[in-house]
2 protein chains.
Amino acid sequence: MTFHSDHTPPTPGQLRDRLAKAGLRATRQRLTILECLLQLPGHPTAEQVHRQVVAQVPNLSLGTVYKALDSFVEVGLTRRVASAEGSSRRYDADCSAHHHLICTDTQEIMDFHDSQLDTLLQEFFAQRNMPGFQAHTFSLHITGEKVAG
Amino acid sequence: MTFHSDHTPPTPGQLRDRLAKAGLRATRQRLTILECLLQLPGHPTAEQVHRQVVAQVPNLSLGTVYKALDSFVEVGLTRRVASAEGSSRRYDADCSAHHHLICTDTQEIMDFHDSQLDTLLQEFFAQRNMPGFQAHTFSLHITGEKVAG
DNA sequence: CTACATGCAAAGGATTTGCATATCT
DNA sequence: AGATATGCAAATCCTTTGCATGTAG
């Protein structure tokens, strides 16, 4: 069980590769945007990514961040994440199946990986007969509060 | 296990009661908005609720729908629903804990009630030690396709 | 060289806000 | 009567679009 994806910072070359494999041109802007998205905790909005990004490339525009994130989503490098609160879209660089911890106090959304839980769900739905629906992926939204510990 | 909430249409008096119990004034507008929200399938946007509502109260303004939905959410009569796609907020009159079936073909989001699944999750998290987080509600997002059957 | 990405500014859509008026309790 | 909700319009926020210019492949 882990609360976050691993944050081994990818080298510039690895970032370039990920874009190339996805069929996207590796521009300075996209490299920076992808890098920031990977290192930002939680599920940042375009605005939050932009704030991080301008530290490295000062006149990178917010419009470009929107366009880049859209292309990332289109090729499957990034996901749009469901969020009930707040009115901005949120993005997640982690495309592997995972669950979410949603803190009602801080509005934070944290990734949550738990293979035991995955197995439990797979087994449950293998037996559960759901006429009219063929399930294949599960994502659990766990609402609660962060506590000391 | 049920795919939808029951849609027994509440009487005007029941609607009034629900608002009163929630500590909200029962105005004609709110009664209509709540009624429409309950009878609309899926998870409508404020705009969709408004379209339904003006059929009954022609000059009820969209602003009022927003304000009413906000009050409903504040007192727990209604939920804001997480959605990754689209840029409008969606609302759900069903505040009982429930799960969602997301069809990748039609983009539909259907409510899904399953008390066995609820129990399974409660039991799992009662045993699972999650340092730093106090979980209380679970909502499973089940992605898949509608099939004949 | 050529297709595609960027930056900027303007447009568009969704939501919120302010305030005078109307309504519920 | 007094507190609160409504309607309308303006303001604000978030996101998309158009187009001239720059750059990767």
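The sequence lines fix the lettering, A, B, ..., with proteins before strands; numbering per chain opens at 1.
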* To do: Please tell me if the side chains of A:His99 and A:Asp118 come closer than 4.5 Å, counting only heavy atoms from C-beta onward.
  =>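 In short, these two side chains touch, coming nearer than 4.5 Å.
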* Tell me, do A:Val49 and A:Tyr66 make a side-chain contact under 4.5 Å, heavy atoms counted? ->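 When only atoms from C-beta onward are counted, A:Tyr66 and A:Val49 do not touch, as no gap falls below 4.5 Å.
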* To do: State whether A:Arg28 places a side-chain N or O below 4.0 Å from either non-bridging phosphate oxygen (OP1 or OP2) of D:dT23.
  =>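 So the side chain of A:Arg28 is outside the cut-off, no N or O lying under 4.0 Å from OP1 or OP2 of D:dT23.
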* Asked: Taking OP1 and OP2 of D:dC13, is either one under 4.0 Å from a side-chain nitrogen or oxygen of A:Ser88?
  -> no
Counting only heavy atoms not in [X] (residues, nucleotides, ligands), do more than 12 fall under 6.0 Å from its [atom1]?
X        : atom1 : answer
A:Arg28  : CZ    : no
B:Glu74  : CD    : no
B:Gln134 : CD    : no

* Asked: Counting only non-hydrogen atoms, which of residues 48-73 of chain A are less than 4.0 Å from DNA chain C?
  ->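 Contacting residues: A:Asn59, A:Leu60, A:Ser61, A:Thr64, A:Lys67.
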In whole angstrom, give the distance that lies between atom [atom1] of [X] and atom [atom2] of [N].
X       : N      : atom1 : atom2 : result
A:Gln29 : C:dC4  : CD    : C1'   : 12 Å
B:Leu31 : D:dT6  : CG    : C1'   : 14 Å
A:Leu19 : D:dA24 : CG    : P     : 13 Å
B:Arg90 : C:dG13 : CZ    : P     : 17 Å
B:Glu47 : C:dT16 : CD    : C1'   : 15 Å
B:Arg30 : C:dA22 : CZ    : P     : 19 Å
B:Ile33 : D:dG7  : CD1   : C1'   : 12 Å

* With a 4.0 Å cut-off on heavy atoms, is B:Arg89 in touch with a base, just the backbone sugar-phosphate, or nothing at all? -> sugar-phosphate
* **Closest-nucleotide 5' rank along DNA chain C - winner of B:Ala46 and A:Gly23** =>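 Between the two, 5'-proximity favours A:Gly23.
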* Return yes if the base of C:dA3 and the side-chain atoms of A:Arg25 contain a donor-acceptor N/O pair under 3.5 Å, otherwise no. =>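 Indeed there is one.
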* **Partner set under salt bridge (charged side-chain N to carboxylate O under 4.0 Å, His left out) for B:Arg18, not counting sequence neighbours** => none
* Structure fact -> Rounding to 0.5 Å, atoms OG1 (B:Thr143) and CZ (A:Phe138) come to a distance of 9.0 Å
